[in-house]
Amino acid sequence: EDEQIVAEIMERRFFPDHIAYKTWEGFHFAGHEIRITEATDCYGAVVWPSALVLCYFLETHSKQCNLVDKNVIEIGAGTGLVSIVASLLGACVTATDLPELLGNLEYNILQNTKQKCKHQPCVKELSWGIDLEKNFPRSSCHFDYIMAADVVYYHPFLDELLLTFDHLCKNDTVILWAMKFRLENENRFVDRFQTLFDLEMISNFPSLNIALYKAMRKDRMKA
């Protein structure tokens with residue numbers, strides 16, 4: 001079953017028939033052909049398999065996870081594929097990443113969503129753990145969903161990532177998080193994440209070493 005679903009997910013990807021001026025990959029999601037321009041000089045400008053897993057889930061579970069008119073924020077949006085698919089499925093999306101990635105992110109989102117979505121997504125800078133209250137004030141920012149694909153890997157900012165999840169997540173916010181396990185760092189982060197959030201694995205793909213999680217705040221019932 002794992003291999004069959006993984007094959008279905010990977011079949012959503014296609015490549016140009018000829019060499020293009022810009023390097024791009026194509027994907028079929030939400031009834032649209034999505035073309036993603038990539039860059040090879042940084043991790044955030046490449047489409048990783050975890051993003052495909054999350055997009056596949058959003059599309060195939062659109063009744064259980066109805067995104068129409070929902071406020072969604074994607075952290076570490078990278079090339080923007082997840083944000084684009086969520087927008088095409090009717091969500092009001094804020095795609096975020098580091099400042100050096102915003103140009104390519106904004107280009108991809110505009111090219112693939114203009115006049116195709118109920119809500120035009122927006123792109124915003126988000127450096128994990130920095131100026132969170134200033135840029136995303138708790139009093140006015142409410143997200144129904146936080147989405148993240150492959151944001152946990154070997155880097156020194158996992159404390160800031162956890163702080164960002166905590167700041168953006170209200171008591172009724174649902175986190176959808178796809179993660180590829182590579183190093184022990186990932187396991188340690190999951191343990192720390194579970195001190196703040198109830199975590200449920202909703203899909204597992206051993207052949208890709210990727211798990212898809214759903215999470216909510218631990219203290220939501222008290223509130």
Side-chain angles (χ1 to χ4, degrees), residues 36-37 39 41-48 50-51 54-55 58 67 69-114 117-153 155-179 189 192-193 195-197 213-220 223:
I36 297 293
T37 299
D41 56 348
C42 56
Y43 289 118
V46 176
V47 178
W48 299 103
S50 293
L54 182 48
C55 289
L58 295 177
L67 295 182
D69 298 331
K70 298 296 193 301
N71 286 321
V72 171
I73 186 169
E74 185 187 3
I75 60 175
T79 59
L81 181 61
V82 172
S83 289
I84 290 165
V85 172
S87 298
L88 293 171
L89 291 170
C92 183
V93 176
T94 301
T96 71
D97 215 313
L98 296 170
E100 60 266 29
L101 297 173
L102 297 188
N104 189 59
L105 173 60
E106 194 161 18
Y107 173 83
N108 282 328
I109 286 181
L110 185 63
Q111 292 297 308
N112 290 285
T113 63
K114 189 176 181 180
C117 298
K118 185 176 182 180
H119 308 283
Q120 184 61 35
C122 69
V123 173
K124 192 169 181 178
E125 177 185 340
L126 173 54
S127 299
W128 298 340
I130 297 175
D131 292 331
L132 294 175
E133 182 58 30
K134 176 184 175 183
N135 296 324
F136 300 90
R138 290 180 185 270
S139 60
S140 58
C141 288
H142 182 280
F143 297 106
D144 300 294
Y145 289 93
I146 299 171
M147 296 186 184
D150 229 2
V151 293
V152 181
Y153 47 88
H155 60 66
F157 301 111
L158 295 182
D159 289 342
E160 289 81 359
L161 174 59
L162 188 60
L163 183 65
T164 301
F165 273 124
D166 184 42
H167 179 84
L168 296 174
C169 191
K170 296 288 201 301
N171 289 315
D172 58 347
T173 302
V174 175
I175 298 171
L176 293 174
W177 168 29
M179 183 170 75
F189 182 81
R192 294 183 55 208
F193 185 87
T195 63
L196 298 177
F197 302 97
Y213 294 104
K214 174 183 176 181
M216 295 186 75
R217 293 196 76 94
K218 277 186 177 293
D219 57 0
R220 66 187 184 279

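Of all heavy-atom pairs spanning Leu105 and Val123, the tightest one is CD2-CG1, 3.8 Å. Contact detail for Gly76 and Val151: the closest heavy-atom pair is CA-CG1, 4.2 Å. Listed here is the closest heavy atom pair of Ser83 and Ala95: OG-CB, 3.3 Å. What you find for Ile109 and Pro121 is that their closest heavy atoms are CG2-CG, 3.3 Å. Between Ala77 and Asp97 the shortest heavy-atom distance is N-OD2, 3.2 Å. Here the closest non-hydrogen pair linking Cys169 and Thr173 is SG-CB, 3.7 Å.
In this structure a side-chain-to-backbone donor-acceptor pair under 3.5 Å is present from Thr96 to Glu74. In this structure, the side chain of Lys124 engages the main chain of Asn135 through a donor-acceptor pair within 3.5 Å.
Counting heavy atoms from C-beta on, the side chains of Asn171 and Asp219 come closer than 4.5 Å. Contact annotation: the side chain of Met147 never approaches that of Val93 to less than 4.5 Å [non-hydrogen atoms, C-beta and beyond]. Considering only heavy atoms from C-beta on, Leu196 stays 4.5 Å or farther from Lys218 through its side chain. By the 4.5 Å heavy-atom criterion applied to side chains, Leu132 and Leu126 are counted as neighbours.
Taken from OG1 in Thr79 to CG in Leu101, the straight-line distance is 9.5 Å, to the nearest 0.5 Å. Atom CD1 in Ile73 sits 5.5 Å away from atom OG1 in Thr94 (nearest 0.5 Å). Taking CZ of Phe143 as the reference point, atom CG of Asp172 lies at 12.5 Å (rounded to 0.5 Å). Separation of atoms CG (Leu158) and CG (Leu163) is listed at 12.5 Å; rounding is to 0.5 Å. Note: Cys92 SG to Asn71 CG = 5.0 Å, rounded to the nearest 0.5 Å. Taken to the nearest 0.5 Å, the NZ atom of Lys70 stands 10.0 Å off from the NE2 atom of His119.
Not counting sequence neighbours, the partners of Ala178 by the side chain to side chain contact (heavy atoms under 4.5 Å, CB included) test are Ser50, Leu54, Leu212. Qualifying ring pair (Phe, Tyr, Trp, His ring centres under 6.0 Å) partners for Phe193, counting only residues two or more places apart in sequence or in other chains: Phe165, Trp177, Phe197. Listed by chain and residue number, nothing satisfies the salt bridge (charged side-chain N to carboxylate O under 4.0 Å, His left out) test with Arg138 (two or more places apart in sequence, or in another chain).
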- Candidate pair Ile175 and Tyr213, rule side-chain contact (heavy atoms from CB on, under 4.5 Å), full reasoning: CA-CA 8 Å; Ile175 298 171; Tyr213 294 104; over 6 Å; no
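Partner of Leu67 under the side-chain contact (heavy atoms from CB on, under 4.5 Å) criterion, out of Val85, Leu88, Leu89: Leu89 alone. Exactly one residue among Val47, Asn104, Val46 makes a side-chain contact (heavy atoms from CB on, under 4.5 Å) with Ile36. That residue is Val47.
With respect to the salt-bridge test (charged N to carboxylate O, under 4.0 angstrom), the residues Arg217 and Asp166 qualify.
Heavy-atom neighbours of Lys214 NZ from other residues, nucleotides or ligands within 6.0 Å: at or below the threshold of 12.
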